[in-house]
Amino acid sequence: MELWNKVVLITGASSGIGEATAREFARAGAKVALVARREERLKALALEIGELAWVYPADLGDPDAVVAMAARVRSELGTPDVIVNNAGAGTWQFADETTPHDFLRQAAVPYLAAGYVTTAFAADMVRRGSGRIVVVNSPVSRVAWPGAFGYAAARWALRGLVQALQADLRGTGVGVTEVLPGKVSSDYFASNPGSEERIPTISALIPEVTPEQVARALVNATRKGRRRTALPLTLRLILGQAWVTPRLVAWLTAITGAKRPEQAKR
Ligand SMILES: NC(=O)c1ccc[n+]([C@@H]2O[C@H](COP(=O)([O-])OP(=O)(O)OC[C@H]3O[C@@H](n4cnc5c(N)ncnc54)[C@H](OP(=O)(O)O)[C@@H]3O)[C@@H](O)[C@H]2O)c1
């Protein structure tokens with residue numbers, strides 16, 4: 001897809017991967033619609049990007065707010081050519097530490113939000129017969145690890161959303177891309193305290209990537225119409241191994257993963 005003058009809607013554009021992705025699309029000449037809750041941060045980014053950026057503050061966990069945001073985008077910019085479902089949050093907790101309300105919050109953004117944003121624009125995109133829907137997911141959507149119950153379940157659900165969309169949109173001209181980064185040097189772990197220390201130690205094999213590296217891979221995959229991209233290379237190798245020997249990789253992830261304090265003493 002040629003990106004010049006295309007409309008690209010990016011969720012979670014106030015920080016990390018989304019912010020870097022907005023800069024990268026704008027650099028390619030696309031118009032970027034920036035969506036997140038923190039309006040001041042979106043405005044600062046729009047100021048930096050200049051005339052190619054528009055700001056749409058919204059809480060994506062609220063379907064009414066998504067419908068209202070989509071109506072504004074449609075009337076000001078038209079139907080997006082590309083949607084990047086990237087907004088995500090969720091503190092990592094064991095299932096027995098999680099309340100029903102925690103679980104709903106962990107599923108709301110990214111999983112439900114990606115469904116809300118996609119369905120708000122899907123009919124127009126299919127009618128037009130072109131475009132791409134990008135979903136930023138996590139390696140936990142392939143191998144669940146301990147101590148991140150709601151987070152992992154939401155990312156597996158997101159993986160299901162990607163597959164269901166790929167099946168639904170086949171032959172419509174609208175493509176779907178899933179992006180799988182390893183650990184990213186964004187604000188994610190500062191915004192979701194208590195999570196970083198629960199990363200399985202085996203992941204030390206996978207070098208951390210920057211939001212800018214993820215943004216470049218995401219934009220490149222959009223341009224080339226790829227179904228999936230994962231980075232860095234070590235993560236691709238481990239995901240390949242998980243495909244061949246799923247139980248071995250699940251076991252290695254589990255034994256190097258978080259332990260409850262009473263288990264750690266044993
Ligand atoms: N960081 C990593 O190591 C890593 C690895 C693999 C995958 N990922 C995934 O990549 C995605 C982006 O993460 P990041 O690393 O860039 O983290 P980040 O810097 O914390 O950014 C998260 C973004 O999501 C937005 N967001 C959260 N809740 C929202 C809501 N209710 N409504 C609208 N926007 C909301 C935040 O904006 P506001 O707070 O302004 O609303 C922010 O812009 C997430 O889905 C994350 O799971 C991250």
Side-chain angles (χ1 to χ4, degrees), residues 9-24 32-46 55-66 68-70 83-92 104-117 120 134-143 145 148 150-159 161-162 178-193 195-200 203-204 206-215 217-218 228-232 235-236 238-239:
L9 181 139
I10 300 145
T11 73
S14 62
S15 165
I17 297 169
E19 184 179 349
T21 298
R23 287 197 187 97
E24 195 66 25
V32 289
L34 311 175
V35 186
R37 290 167 303 181
R38 286 172 293 173
E39 185 171 0
E40 288 318 308
R41 289 187 66 135
L42 296 180
K43 281 184 172 162
L45 178 62
V55 166
Y56 298 98
D59 181 347
L60 299 172
D62 172 0
D64 293 331
V66 173
M69 175 276 289
I83 294 173
V84 181
N85 286 303
N86 160 75
T91 300
W92 297 10
L104 177 59
R105 263 193 300 278
Q106 289 155 2
V109 187
Y111 171 60
L112 294 176
Y116 300 153
V117 174
V134 181
V135 174
V136 177
N137 208 342
S138 156
V140 82
S141 66
R142 271 53 188 183
V143 185
W145 52 74
Y151 174 86
R155 270 63 182 181
W156 274 74
L158 206 52
R159 174 184 178 184
L161 182 146
V162 168
E178 187 180 23
V179 179
L180 292 165
K183 189 176 184 219
V184 183
S185 55
S186 68
D187 291 346
Y188 189 90
F189 291 105
S191 305
N192 297 279
S195 305
E196 188 167 17
E197 42 279 39
R198 290 186 165 183
I199 298 175
S203 76
I206 306 170
E208 189 172 90
V209 291
T210 63
E212 290 71 27
Q213 286 174 300
V214 182
L218 188 158
R228 186 175 308 118
T229 187
L231 71 156
L235 175 65
R236 283 205 291 282
I238 291 176
L239 291 178

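For ligands, and for the atoms within them, numbers begin at 1 and follow the listed sequence. Counting from 1, the numbers follow the sequence of the chain as shown. Treat the numbers as computed from the prediction; the structure is a model and nothing was measured.
Here the heavy atom of the protein found nearest to atom 11 (C) of ligand 1 is N86 O, 3.1 Å. Shortest contact from atom 31 (N) of ligand 1 to any protein heavy atom: D59 OD1, 2.9 Å. Among all non-hydrogen protein atoms, the one lying nearest atom 18 (P) of ligand 1 is S15 OG, 3.5 Å. Scanning the protein for heavy atoms near atom 5 (C) of ligand 1, the closest one is G182 O, 3.2 Å. Of the protein's non-hydrogen atoms, S14 OG, 2.9 Å is the one closest to atom 37 (O) of ligand 1. Scanning all protein heavy atoms for the shortest distance to atom 47 (O) of ligand 1 gives R155 NH2, 2.6 Å. The nearest heavy-atom contact from the protein to atom 23 (C) of ligand 1 is G12 CA, 3.7 Å. Here the heavy atom of the protein found nearest to atom 15 (O) of ligand 1 is S186 OG, 2.6 Å.
Residue L60 has at least one N or O atom closer than 3.5 Å to an N or O atom of ligand 1. Taking only nitrogen or oxygen atoms, main chain and side chain alike, N137 does not reach within less than 3.5 Å of ligand 1. Note: an N/O pair closer than 3.5 Å links G88 and ligand 1 by distance alone. For I17, a nitrogen or oxygen atom sits less than 3.5 Å from a nitrogen or oxygen atom of ligand 1, counting backbone and side chain alike.
Closest approach of S14 and L42 over heavy atoms only: N-CD2, 3.6 Å. Listed here is the closest heavy atom pair of I10 and G18: CG2-O, 3.6 Å. Of all heavy-atom pairs spanning V35 and A58, the tightest one is CG1-CB, 4.2 Å.
Within the 4.5 Å cutoff, the side chain of S141 has heavy atoms near those of the L180 side chain. Proximity of L45 to R23: side-chain heavy atoms (C-beta onward) are separated by under 4.5 Å at one or more points. Two residues are said to be in side-chain contact when any heavy atoms from C-beta on lie closer than 4.5 Å; E24 and E212 fail this criterion. Within the 4.5 Å cutoff, the side chain of P232 has heavy atoms near those of the I206 side chain. Residues L9 and V117 meet the side-chain proximity criterion, which asks for heavy atoms closer than 4.5 Å.
Listed by atom number, the atoms of ligand 1 under 4.0 Å from K183 heavy atoms are 3 (O). Below 4.0 Å from some heavy atom of V109 lie the following atoms of ligand 1, by number and element: 28 (N), 29 (C), 30 (C), 31 (N). Heavy-atom contacts of G16 reach the following atoms of ligand 1: 16 (O), 19 (O) (cutoff under 4.0 Å). Residue F189 approaches ligand 1 through these ligand atoms, each under 4.0 Å from one of its heavy atoms: 3 (O). Short contacts between ligand 1 and V136, defined as distances under 4.0 Å to a heavy atom of the residue, involve ligand atoms 10 (O). Residue D187 has at least one heavy-atom neighbour below 4.0 Å for each of these atoms of ligand 1: 19 (O), 20 (O).
Heavy atoms of P211 stay at 4.0 angstrom or farther from ligand 1. In this structure, A58 counts as a contact residue of ligand 1, since one of its heavy atoms falls inside 4.0 Å of the ligand.
Ranked by closest heavy atom to atom 4 (C) of ligand 1, the top entry among I10, L235, V184 is V184.
Checked against side chain to side chain donor-acceptor pair (under 3.5 Å), R105 has the following partners two or more places apart in sequence or in another chain: D102. For the side chain to side chain donor-acceptor pair (under 3.5 Å) test, residues two or more places apart in sequence or in another chain that qualify with N85 are T118.
Looking only at distances, no side-chain donor or acceptor of R37 sits under 3.5 Å from a matching main-chain atom of D59. Checking side-chain atoms of N137 against main-chain N and O of R155 turns up a donor-acceptor pair under 3.5 Å.
Two rings, from W92 and F189, have their centers less than 6.0 Å apart.
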